[in-house]
Amino acid sequence: SGNVYVAVYAGRVVKRISPDGKVNVVAKSSFPWSPTGGLVAPNGDKWLLECSMTNAVRVRRIAVNGREHIY
C-alpha cells in the first residue's frame with residue numbers, strides 16, 4: 001500500500017508514513033522495551049523486534065484485530 005514504517009528507538013514507538021505524507025503512531029513499546037525493527041505480514045499483522053535497556057530481546061506480534069503476543 002506504499003506505507004513506510006519507522007521504529008523510533010528513543011521514543012519507544014513505531015510510526016507509519018503514508019504515501020501522502022501523513023504520520024501516525026501505530027505501536028508503542030512499554031518501558032523498558034524499545035522497537036528496533038520489524039515487518040508487516042501479508043495479512044497486515046505487525047511483527048516488532050524489541051530490545052530492552054539490559055539488551056534482552058523479544059518479538060511482539062500485533063494482529064490486525066489489535067491482539068498482541070510476545071515471543
Side-chain angles (χ1 to χ4, degrees):
S1 61
N3 295 316
V4 174
Y5 292 84
V6 179
V8 183
Y9 182 85
R12 292 198 302 267
V13 297
V14 175
K15 295 182 178 184
R16 178 181 59 218
I17 305 168
S18 65
D20 63 359
K22 293 181 182 174
V23 179
N24 295 325
V25 173
V26 295
K28 294 182 180 181
S29 296
S30 59
F31 183 82
W33 299 98
S34 292
T36 58
L39 60 86
V40 178
N43 69 350
D45 288 356
K46 292 166 195 67
W47 290 80
L48 304 180
L49 177 60
E50 296 177 312
C51 180
S52 75
M53 295 172 60
T54 60
N55 288 328
V57 293
R58 72 180 187 180
V59 174
R60 182 166 57 123
R61 179 176 56 95
I62 305 170
V64 174
N65 64 11
R67 290 187 180 168
E68 296 187 17
H69 188 80
I70 296 172
Y71 299 90

- [ ] Report yes or no: do Trp33 and Val14 belong to one cluster of Ile/Leu/Val/Met/Phe/Trp/Tyr joined by side chain heavy-atom distances under 4.5 Å?
- [x] no
Open item on the list: According to a hydrophobic-cluster definition based on side-chain heavy atoms being under 4.5 Å apart (Ile, Leu, Val, Met, Phe, Trp, Tyr only), do Leu48 and Val13 belong together?
Closed with: no
- [ ] Output yes when a side-chain donor or acceptor of Asn24 lies under 3.5 Å from a complementary backbone atom of Arg16, and no otherwise.
- [x] no
Task: ILVMFWY network linking Leu39 to Ile62, side-chain heavy atoms under 4.5 angstrom - done: no
Task: Nearest-0.5 Å distance that lies between atom CZ in Arg58 and atom SG in Cys51 - done: 11.0 Å
Open item on the list: Run the side chain to side chain contact (heavy atoms under 4.5 Å, CB included) test on Asp45 and Val40 for me, step by step, so that the C-alpha distance in whole Å, both residues' side-chain angles and the decisive distance to 0.1 Å come before the verdict.
Closed with: CA-CA 6 Å; Asp45 288 356; Val40 178; over 6 Å; no
Open item on the list: So, applying side-chain contact (heavy atoms from CB on, under 4.5 Å) with Lys15, which one of Val8, Val4, Val26 is it?
Closed with: Val8
Task: Flag, side chain of Thr36 to backbone of Leu49, donor-acceptor distance under 3.5 Å - done: yes
TODO: Using the side chain to side chain donor-acceptor pair (under 3.5 Å) rule, collect all pairs that involve residues 4-13, keeping only residues at least two apart or in two chains.
DONE: none
Open item on the list: Taking the basic N atoms (NZ, or NE/NH1/NH2) and the acidic carboxylate oxygens, is any pair closer than 4.0 Å for Arg61 and Glu68?
Closed with: no
Open item on the list: Test side chain to side chain contact (heavy atoms under 4.5 Å, CB included) on Arg60 and Ser29; report intermediate values, then the result.
Closed with: CA-CA 10 Å; Arg60 182 166 57 123; Ser29 296; 3.5 Å; yes
Open item on the list: Checking Val59 against Ile70 for the side chain to side chain contact (heavy atoms under 4.5 Å, CB included) test, could you report, in this order, the C-alpha distance in whole Å, the side-chain angles of both residues, the deciding distance, and whether it holds?
Closed with: CA-CA 6 Å; Val59 174; Ile70 296 172; over 6 Å; no
Open item on the list: Using every non-hydrogen atom in the two residues, find where Asn3 and Pro19 come nearest and quote the distance to one decimal.
Closed with: OD1-CD, 3.5 Å
